[in-house]
Amino acid sequence: RHSMECCRKGLEYGQTMNDQRLKVVGLFRTGSTHILQGDTQAGLTFCEEALALALPFDTAMIKAVRALGLAKAGDAAAGIADMREAITWFERSKLRYTRSVVALWLAETHLHQGDRVEARGLIDDVLATSREVGYRYLEGVALRLLGESLVETEPETARQHLDTARQMLELADARNDLAKAL
């Protein structure tokens, strides 16, 4: 509820100021919030509206969020293709943090599709970047996904990664990701 209220205020401010960038950000963040809360159809609608107004950086981010929504709505193939495209754009633009966020969404999508090999490559890459740059929250998410990928084949190793992820996510006060780790 609080997230949606913040999105509403941001979008309202962009409309009041007639600021295109604020409108785009308000729309795509509203879409992202809907998608992350499980309302993919509403989220995809907001993403489409944002895309109609977007500049290049915004377009890449909106497409990444829309890709996550598509994957969560059951169109994993389209979501995976669009997330890969966004990752490539963020990589070329040297936006390591954003690239890592989308790479973790893609890794989780691959895990849900049963493709541990593809997921593992993405997870390992984000772990290396996180540790190099100090993205502790993303390292915690990557460790959670690594643990999830190993539950069936290496349960003790999975438990170790999940325990470490829980500690990191607790420190970051990342409650949603902590719940997933639990």
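Quick note: numbers below take in every heavy atom, side chains included, and nothing from hydrogens, waters or symmetry partners. Computed from a prediction, not measured in an experiment: that's the story for all the values here.
By the 4.0 Å N-to-carboxylate-O rule, Arg144 lies too far from Glu139 to be salt-bridged with it.
Rounded to the nearest 0.5 Å, atoms OG (Ser149) and CD (Glu108) are 11.5 Å apart. The CZ atom of Arg120 lies 10.5 Å from the CG atom of Leu111; values are rounded to the nearest 0.5 Å. To the nearest 0.5 angstrom, Glu118 atom CD is 8.5 Å from Ile80 atom CD1. Note that CD of Gln167 and CZ of Arg136 are 10.0 Å apart. Values are rounded to the nearest 0.5 Å. Distance check, rounded to the nearest 0.5 Å: CD of Glu148 to CG of Leu143 gives 13.0 Å. Here Ser130 contributes atom OG and Asp125 contributes atom CG; the two are 9.0 Å apart, rounded to the nearest 0.5 Å.
Within the structure, salt bridge (charged side-chain N to carboxylate O under 4.0 Å, His left out) contacts touching residues 158-172 (residues at least two apart or in different chains) are Asp163-Arg166. Within the structure, salt bridge (charged side-chain N to carboxylate O under 4.0 Å, His left out) pairs that include any residue of residues 34-57 comprise Glu48-Arg66 (at least two apart or interchain). Screening residues 142-164 for ring pair (Phe, Tyr, Trp, His ring centres under 6.0 Å) gives no qualifying pairs among residues at least two apart or on separate chains.
Follow the hydrophobic side-chain contacts under 4.5 Å out from Leu146 and you reach Val133 in the same cluster. Following chains of ILVMFWY side-chain contacts shorter than 4.5 Å, one can reach Tyr97 starting from Met61, so the two form part of one hydrophobic cluster. Under the 4.5 Å side-chain contact rule for hydrophobic residues, Leu182 and Leu36 share a cluster.
Nearest heavy atom pair, residue Gln37 against residue Arg1, reads NE2-N, 4.4 Å. Here the closest heavy-atom approach between residue Ala71 and residue Thr109 is recorded as CB-CG2, 3.8 Å. Counting all heavy atoms, side chain and backbone alike, Ala181 lies closest to Leu169 at CB-CD1, 4.3 Å. Across Gly147 and Leu162, no two heavy atoms sit closer than the pair CA-CG, 4.0 Å. Of all the heavy atoms in Ala64 and Val102, the pair that sits closest is CB-CG2, 3.7 Å. Listed here is the closest heavy atom pair of Cys47 and Ile35: SG-CD1, 4.3 Å.
Every residue meeting the side-chain hydrogen bond (donor to acceptor under 3.5 Å, both in side chains) condition with Glu91, not counting sequence neighbours, appears here in chain and number order: Arg99. Residues satisfying the ring pair (Phe, Tyr, Trp, His ring centres under 6.0 Å) criterion with Phe28, sequence neighbours excluded, are absent altogether. Contacts of Tyr137 classified as ring pair (Phe, Tyr, Trp, His ring centres under 6.0 Å), with partners at least two apart in sequence or in another chain: none. His110 meets the ring pair (Phe, Tyr, Trp, His ring centres under 6.0 Å) test with no other residue; sequence neighbours excluded. Residues passing the ring pair (Phe, Tyr, Trp, His ring centres under 6.0 Å) test with Tyr13: none are found, sequence neighbours excluded. Taking the salt bridge (Lys or Arg N to Asp or Glu O under 4.0 Å) definition, one finds that Glu154 meets it with nothing, sequence neighbours left out. When the side chain to side chain contact (heavy atoms under 4.5 Å, CB included) test is applied to Ser100, the partners found at least two apart in sequence or on another chain are Val126, Thr129, Leu138. Looking at residues two or more places apart in sequence or on another chain, you find a side chain to side chain contact (heavy atoms under 4.5 Å, CB included) between Arg92 and Thr88, Trp89.
The aromatic rings of Phe46 and His34 lie parallel to each other, with less than 30° between the two planes, well short of the 60° mark.
In this structure the side chain of Lys63 reaches within 4.5 angstrom of the side chain of Leu51, judged on heavy atoms.
For Glu5, the CD atom counts as densely surrounded, since its 6.0 Å shell holds more than 12 non-hydrogen atoms of other residues, nucleotides or ligands.
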Which donor-acceptor pairs under 3.5 Å do side chains of residues 15-27 form with protein atoms, sequence neighbours excluded?
residue : atom : partner : partner atom : Å
Thr16   : OG1  : Glu12   : O            : 2.9
Asn18   : OD1  : Lys23   : NZ           : 2.8
Asp19   : OD1  : Arg21   : N            : 3.0
Asp19   : OD1  : Leu22   : N            : 2.9
Gln20   : NE2  : Leu53   : O            : 2.3
Arg21   : NE   : Asp58   : OD1          : 3.0
Arg21   : NE   : Asp58   : OD2          : 2.8
Arg21   : NH2  : Asp58   : OD1          : 2.9

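Side chain of Ser93 to main chain of Phe90: no donor-acceptor pair is present (N/O by atom type, distance under 3.5 Å, no hydrogens or angles).
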> Is there a salt bridge (charged side-chain N to carboxylate O under 4.0 Å, His left out) between Glu132 and Arg96 once you walk through the steps?
Replying inline: CA-CA 11 Å; Glu132 176 189 339; Arg96 295 171 84 185; 3.1 Å; yes

